[in-house]
Amino acid sequence: MIIGAGGAGARAAVEAARLGKRVTLVCRSPLGRGGLTPTANGGYHAAVWPGDSPAIHAEDLVRMGCHVNDRDLVRVLTEEAVPEAHRLEELGAKINWDVPPKPAEPQMRYPRSLFVPGKVILSALRRHLKAQDHVLLLEDHLAIRLLTRDGEVAGAVLFHMREGNLVVCESKATILATGSMGEIYPLTAQEPMGIPTGSTGSGYVFAALAGADLVDMEMIQFSAVPVVPPLVQGMRCLPWAAMLNGQGKEFLPSGLGEYSHEAAQSICRELREGRGPVWMDLRGQKPSSHSRHPLFGRRNELLQELGVTPYQQPVEVGVGALFMMGGIHINERCETLVPRLYAAGEVSGNVHGARRVSGNAFPEMIVFGARAGRFAAQEADKRGGPPGAQEDQIRESMEALSDLCQGRAGDIAPREMRQAIRQIMGKHAHVFRNGEGIKEALVQLRGLERNLPSLRIDPVGGMRYNPRLIEALDVRWLLHTAQIVCRAALQREESRGFHFREDFPEARESWLRHTVVRRVGAEWVSDSKPIVM
Amino acid sequence: MEPGQGQVCLKVLRYNPEVDPTPHHQAYLVPVTGEKMSLLQALEHIYQEQDDTLAFRRYCCGLQYCNSCLMLINGKPSHACLTLVIPGTEVEVAPLRGKRVLRDLIVDDS
């Protein structure tokens with residue numbers, strides 16, 4: 001079973017199916033109409049430029065990741081990025097191999113930007129999966145917990161939103177490919193037009209509750225995100241531009257790169273020191289070749305018509321969550337610390353270190369997606385059958401759901417709790433952090449957790465696609481993920497990459513380590529462990 | 001319901017097959033923030049600020065390609081994400097025709 005059907009999950013499904021396995025692919029939306037993959041720009045970095053090599057690509061990722069990436073995973077990513085791009089083409093996703101000569105970020109030694117929009121990848125993988133009769137596609141199914149037996153993962157409980165009932169799925173091996181968690185912040189590039197993508201952090205919570213380690217959950221990439229006008233709010237398909245502050249002055253030192261922590265910190269500094277608002281200004285420049293891709297054409301035309309692109313008038317930006325570097329600790333085979341549980345894509349944790357280099361989320365998604373499918377299939381070969389679900393865990397889920405739905409008329413709307421979580425994280429655990437603020441955030445989040453029983457669900461609204469019920473399920477993952485991020489941020493008493501502690505403003509040699517957050521009893525506890533050199 | 005200055009009136013066809021005998025219209029007044037706002041953002045505004053029982057596929061790829069927000073807008077199948085709402089007007093919003101309505105604006109795409 002694979003939970004999550006963005007690029008990583010769909011790629012894993014193709015691989016496991018190719019190896020003859022019966023595959024169940026769980027997707028909270030119709031396939032291809034959810035998650036972050038369809039919203040992504042399309043940069044796929046691989047070492048194809050004359051003189052470049054996987055080893056040089058790997059060195060760039062580790063140096064720019066501030067040396068806390070696991071080297072084995074970086075080696076796999078950079079070595080397999082090119083062959084996996086060829087396989088994607090064989091599967092029907094057309095890739096533009098015509099790499100623009102300017103490196104995507106100034107600190108990179110070679111240009112590496114192959115181009116293939118996420119939508120193109122998903123369409124190809126979807127066509128392939130639909131043609132297989134041993135692939136069961138469970139669309140409109142929201143995973144709500146993993147099932148375990150004797151410390152192994154035995155399957156999952158799913159909520160079928162279309163029918164309003166619970167589905168138990170047992171499996172010999174389970175892959176989590178549930179993506180990111182940007183929705184814990186008030187502004188995020190994971191919400192085009194301000195509409196959520198389901199990036200709630202559920203996979204981190206499922207894995208940790210089953211006994212997996214989460215590493216480097218404090219490492220969240222923030223970037224400039226348009227706030228107004230509404231039509232481009234949350235959009236990240238905008239190219240880099242001159243940044244002007246409220247006095248009309250350019251304030252970013254040159255040579256930083258648009259997705260660097262220094263850029264995010266500079267913009268935050270302007271805003272909090274009263275020199276805002278900050279504007280992205282592209283007047284007089286030409287749209288880049290990638291933004292002229294046919295896929296973006298119609299939207300660009302409309303935005304041009306409306307005069308809301310930064311080529312025509314400056315666009316006001318804030319700083320929003322873009323990418324989670326941390327996540328579930330995996331090895332080269334995508335195994336977590338929990339037997340029979342695998343993870344791939346953004347939900348995994350130890351690839352990008354303290355800064356993700358742009359264009360490297362796609363090769364991570366595809367390379368590790370394929371690997372997770374392959375190694376999970378091998379695991380299934382070795383095992384006679386699934387461990388078997390435990391009745392008491394299924395009963396727990398049923399009772400929790402009927403508790404939520406029947407006669408529950410509390411006084412807190414789930415959407416209000418979601419907004420409260422986002423305000424807390426925006427105030428205390430954003431780009432600039434300090435111990436006092438993070439502790440305050442943890443106190444407030446625990447307060448919200450105590451209010452979970454007072455959530456208001458529409459008692460006569462029924463179970464099918466009940467928006468309050470879905471929000472009430474989502475808000476639990478947001479609440480846990482927010483606490484996990486705070487625990488990790490408190491643990492790392494230094495500043496490195498995207499983690500900036502005002503009370504520990506320097507990087508420390510002793511922190512060339514991963515932070516770890518795990519579940520112990522009813523608590524999130526933090527620790528650290530060495531990186532793989 | 002008349003839209004006031006800077007407002008748009010959305011007349012949404014609502015139907016919850018689990019409890020409603022028939023579909024019915026519900027009107028919402030939404031302030032148009034900034035100069036321009038899409039219909040999808042107006043629906044999100046209703047969900048966040050006025051009525052969190054309104055069901056629509058809350059997703060946007062931003063590229064008008066995922067078709068999550070296809071619905072009947074003034075009787076015509078259109079993308080809500082890139083349909084602009086104009087202050088002072090009334091817009092009729094309904095689920096796509098010919099598919100089973102799961103709830104309000106969500107149809108069965110399987």
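Every chain is numbered from 1 and lettered A, B, ... according to where its sequence line falls, protein lines coming before strand lines.
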| Where on M463(A) is there a heavy atom nearer than 4.5 Å to chain B: the side chain, the backbone, both, or neither? |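 Contact with chain B is through both the backbone and side chain of M463(A).
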| query | In chain order, what residues pass the salt bridge (Lys or Arg N to Asp or Glu O under 4.0 Å) check against E163(A), with sequence neighbours excluded? | reply |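 Counting only residues at least two positions away or on another chain, E163(A) forms a salt bridge (Lys or Arg N to Asp or Glu O under 4.0 Å) with R464(A), R100(B).
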| message | Using the salt bridge (Lys or Arg N to Asp or Glu O under 4.0 Å) criterion, which residues pair with R57(B)? Sequence neighbours excluded. | response |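 D140(A), D109(B).
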| Under 3.5 Å, is there a donor-acceptor pair linking the side chains of T197(A) and Q190(A)? |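 There is no such pair between these side chains.
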| said: Which atoms of Y47(B) are under 4.5 Å from chain A, going by heavy atoms: the side chain, the backbone, both sets, or neither? | reply: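 When you check distances to chain A, atoms from both the backbone and side chain of Y47(B) fall under 4.5 Å.
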| task | Drop me the distance from L43(B)'s CG to I195(A)'s CD1, to the nearest 0.5 angstrom. | result |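 It comes to 8.0 Å.
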| query | Pick from G32(A), S29(A), P38(A), P414(A): which one has the most heavy-atom pairs with chain B under 4.5 Å? | reply |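 Highest number of pairs under 4.5 Å: P38(A).
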